[in-house]
Number of protein chains: 2
Amino acid sequence: MARAAARIPLGKETESSDRVLQILSESARLFAASGYDGTSMRDIALACGISKSLLYHHFADKDEIFARIALGATRELYHFVHERLPEGAPPSARIRAFMTATGDYFQRYRWAWLASTASFWNDPEARRQKERMMWRDRYEGLIRTLISEAIEAGEIRPVDVALAVRLVLSSLNWMHRWHKPDKSMNPVQIADSYFEMIFNGLKQN
Amino acid sequence: MARAAARIPLGKETESSDRVLQILSESARLFAASGYDGTSMRDIALACGISKSLLYHHFADKDEIFARIALGATRELYHFVHERLPEGAPPSARIRAFMTATGDYFQRYRWAWLASTASFWNDPEARRQKERMMWRDRYEGLIRTLISEAIEAGEIRPVDVALAVRLVLSSLNWMHRWHKPDKSMNPVQIADSYFEMIFNGLKQN
DNA sequence: CTTGCGACTGACCGGTTGGTCGGTAGAATG
DNA sequence: CATTCTACCGACCAACCGGTCAGTCGCAAG
């Protein structure tokens with residue numbers, strides 16, 4: 001239980017009981033597999049081996065469970081990647097680190113990541129997602145800054161920064177749609193290969 | 001109604017009444033906005049201004065409506081792109097055409113595309129999706145062949161073909177997660193820029 | 001005029017959903 | 001012993017889900 005719960009990225013400041021961590025962990029797995037709508041509170045309770053009522057003792061409603069997973073996954077992604085950017089290194093090396101760190105995060109917190117992105121769609125009620133979007137913007141701000149710096153430093157061509165950002169993020173974010181954990185290449189190696197291809201280009205010189 | 005229905009890609013052989021086209025069109029819009037589970041048959045009937053029963057007069061069940069949209073979108077994507085590959089042109093030019101044609105298809109059939117990709121997740125019942133996957137594989141086979149040919153022709157470096165395919169498809173497939181139709185750049189221009197960046201690389205030479 | 005047929009409707013069905021409520025067991029506190 | 005608090009459960013609810021069904025309407029063929 002504790003091992004599974006460890007796969008849920010949580011801020012160090014927030015203390016949660018084993019039970020709460022178990023609920024979050026099982027919910028992430030179910031949300032990832034079946035989506036938000038496709039996962040019922042009964043499913044979650046059954047997976048945890050507890051009654052449905054107990055879920056409402058620890059959480060206000062279904063949305064709070066999901067929001068906690070999604071917010072945690074997004075916030076910690078920022079911190080995780082930010083901490084792994086080598087200080088003082090040239091921008092291109094930091095871009096590479098940004099990409100491989102994201103791949104690393106993806107394989108560590110696979111269920112939480114999948115859960116938070118699988119149900120990105122149907123969230124018209126943006127109030128609860130506001131803080132999550134803030135961290136997402138900070139995360140995207142990292143790569144935007146790095147690419148701008150790389151252009152200033154003359155390491156990469158003066159391309160459209162916004163589009164280059166989208167290209168990098170697309171390659172990383174689309175991985176969860178096709179990558180299976182038992183593949184020969186892990187997400188870090190894939191992210192590294194992506195960087196090489198994007199940076200050097202496919203063209204034969 | 002007919003104009004909206006025209007946004008639904010259907011094979012030329014299938015003849016459908018206006019009513020059926022209207023149902024497909026409205027359903028695509030709703031599925032795109034709220035996902036499969038988030039769209040009820042009542043929602044669809046209300047959007048069409050008809051009774052819920054009438055939906056079952058024209059379609060066997062909810063799944064058939066979705067399957068028809070998703071299968072049509074996937075099958076026609078293959079044909080659309082395949083027809084737009086310039087014969088006899090060098091592989092790199094054909095890769096570029098593959099990408100811009102996909103962007104073009106995306107902006108033409110936005111709702112159907114969004115509907116079919118938004119609910120990619122929760123489809124464990126693969127029987128009905130089998131034909132759809134066949135067309136998806138053919139579509140992906142196009143770009144795989146083109147990249148292999150480009151390597152043989154010496155136009156691009158001998159990179160990992162599977163990964164290069166994923167990189168190209170990621171950039172195109174992730175577009176629907178961030179692109180809004182009112183943006184200054186349209187999907188064709190974006191796809192063209194992606195090709196340029198991927199082909200030539202970001203590195204300053 | 002009658003028959004048949006496709007388009008169409010409203011009332012209804014069993015099942016599932018997210019969520020509520022009254023209550024219990026047990027450990028800690030006084 | 002009495003009180004309080006937290007973790008926990010089973011029974012229950014209104015609302016909504018996908019889907020069914022008997023029947024209505026207008027129109028075209030005999």
Side-chain angles (χ1 to χ4, degrees), chain A residues 1-2 5 14-31 33-70 115 118-119 121-125 127-129, chain B residues 1-2 5 14-31 33-70 115 118-119 121-125 127-129:
Chain A
M1 176 170 65
T14 43
E15 296 172 9
S16 303
S17 69
D18 284 353
R19 182 65 83 195
V20 168
L21 291 179
Q22 182 202 16
I23 293 172
L24 291 174
S25 173
E26 293 295 334
S27 299
R29 203 171 46 79
L30 290 169
F31 284 144
S34 311
Y36 183 84
D37 290 329
T39 303
S40 72
M41 294 296 269
R42 283 167 180 80
D43 294 336
I44 297 173
L46 189 66
C48 295
I50 60 177
S51 72
K52 190 162 66 78
S53 309
L54 189 52
L55 295 176
Y56 289 93
H57 177 68
H58 290 293
F59 298 90
D61 51 29
K62 184 182 180 182
D63 203 54
E64 187 180 309
I65 299 180
F66 178 78
R68 183 127 169 223
I69 294 170
S119 299
W121 304 94
N122 34 354
D123 279 320
E125 197 249 326
R127 236 165 305 159
R128 219 159 200 169
Q129 302 291 330
Chain B
M1 175 170 67
T14 43
E15 296 174 10
S16 303
S17 67
D18 283 353
R19 181 65 81 195
V20 167
L21 291 180
Q22 181 201 17
I23 293 171
L24 290 173
S25 174
E26 293 295 333
S27 299
R29 205 172 45 79
L30 290 168
F31 285 144
S34 311
Y36 183 82
D37 289 330
T39 303
S40 72
M41 293 298 269
R42 282 166 181 82
D43 293 336
I44 296 173
L46 188 66
C48 295
I50 60 178
S51 72
K52 190 161 65 79
S53 310
L54 188 52
L55 296 176
Y56 290 94
H57 178 68
H58 291 292
F59 298 91
D61 50 29
K62 183 182 179 181
D63 203 54
E64 187 180 309
I65 299 180
F66 178 78
R68 183 126 171 226
I69 294 170
S119 298
W121 303 94
N122 33 353
D123 280 320
E125 197 249 323
R127 236 164 305 161
R128 218 159 201 170
Q129 302 292 329

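Just so we're on the same page: letters track the sequence lines, and every chain starts at 1. Below, all heavy atoms of this structure are taken into account, side chains as well, without hydrogens, waters or symmetry copies.
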Nearest whole angstrom, please: distance from the [atom2] of [N] to the [atom1] of [X].
{"X": "Phe59(B)", "N": "dT20(D)", "atom1": "CZ", "atom2": "C1'", "result": "18 Å"}
{"X": "Leu54(B)", "N": "dT24(D)", "atom1": "CG", "atom2": "C1'", "result": "14 Å"}
{"X": "Leu55(B)", "N": "dC21(D)", "atom1": "CG", "atom2": "P", "result": "17 Å"}

Sequence neighbours excluded, every pair satisfying salt bridge (Lys or Arg N to Asp or Glu O under 4.0 Å) that has a member inside residues 39-49 of chain B: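 Listed by first then second residue: nothing to list.
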Nearest atoms (heavy-atom pairs only) where Ala115(B) meets Phe31(B): CB-CB, 3.7 Å
Closest heavy-atom pair and its distance - Gln22(B), Cys48(B):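 The pair with the smallest heavy-atom distance is NE2-O, 3.2 Å.
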For [X] and [N], is the shortest distance between a side-chain N/O and OP1 or OP2 below 4.0 Å?
{"X": "Arg19(A)", "N": "dT6(D)", "value": "no"}
{"X": "His57(B)", "N": "dA7(C)", "value": "yes"}
{"X": "His58(B)", "N": "dC8(C)", "value": "yes"}

Partner residues of Leu54(B) under the side chain to side chain contact (heavy atoms under 4.5 Å, CB included) criterion, sequence neighbours left out: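 Per chain and number, Leu54(B) pairs via side chain to side chain contact (heavy atoms under 4.5 Å, CB included) with Arg19(B), Ile50(B), Ser51(B), His57(B), His58(B).
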Partners passing side chain to side chain contact (heavy atoms under 4.5 Å, CB included) against Phe59(A) (at least two apart in sequence or in another chain):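 Partners of Phe59(A) under the side chain to side chain contact (heavy atoms under 4.5 Å, CB included) test: Val20(A), Ile23(A), Leu24(A), Glu64(A), Ile65(A), Arg68(A).
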Please write out the pairs of protein N or O atoms and N or O atoms of nucleotides 14-21 of chain C separated by less than 3.5 Å, giving the distance to one decimal.
{"unit_1": "dG18(C)", "atom_1": "OP1", "unit_2": "Thr39(A)", "atom_2": "O", "d": "3.4"}
{"unit_1": "dG18(C)", "atom_1": "OP1", "unit_2": "Lys62(A)", "atom_2": "NZ", "d": "2.6"}
{"unit_1": "dG18(C)", "atom_1": "OP2", "unit_2": "Met41(A)", "atom_2": "N", "d": "2.9"}
{"unit_1": "dG18(C)", "atom_1": "N7", "unit_2": "Arg42(A)", "atom_2": "NH1", "d": "3.0"}
{"unit_1": "dG18(C)", "atom_1": "O6", "unit_2": "Arg42(A)", "atom_2": "NH2", "d": "3.0"}
{"unit_1": "dG19(C)", "atom_1": "OP2", "unit_2": "Tyr56(A)", "atom_2": "OH", "d": "3.2"}
{"unit_1": "dG19(C)", "atom_1": "OP2", "unit_2": "Lys62(A)", "atom_2": "N", "d": "2.9"}
{"unit_1": "dG19(C)", "atom_1": "N7", "unit_2": "Lys52(A)", "atom_2": "NZ", "d": "2.4"}
{"unit_1": "dG19(C)", "atom_1": "O6", "unit_2": "Lys52(A)", "atom_2": "NZ", "d": "2.2"}

Nearest-0.5 Å distance, NZ of residue Lys62(A) to OG of residue Ser40(A): 7.0 Å
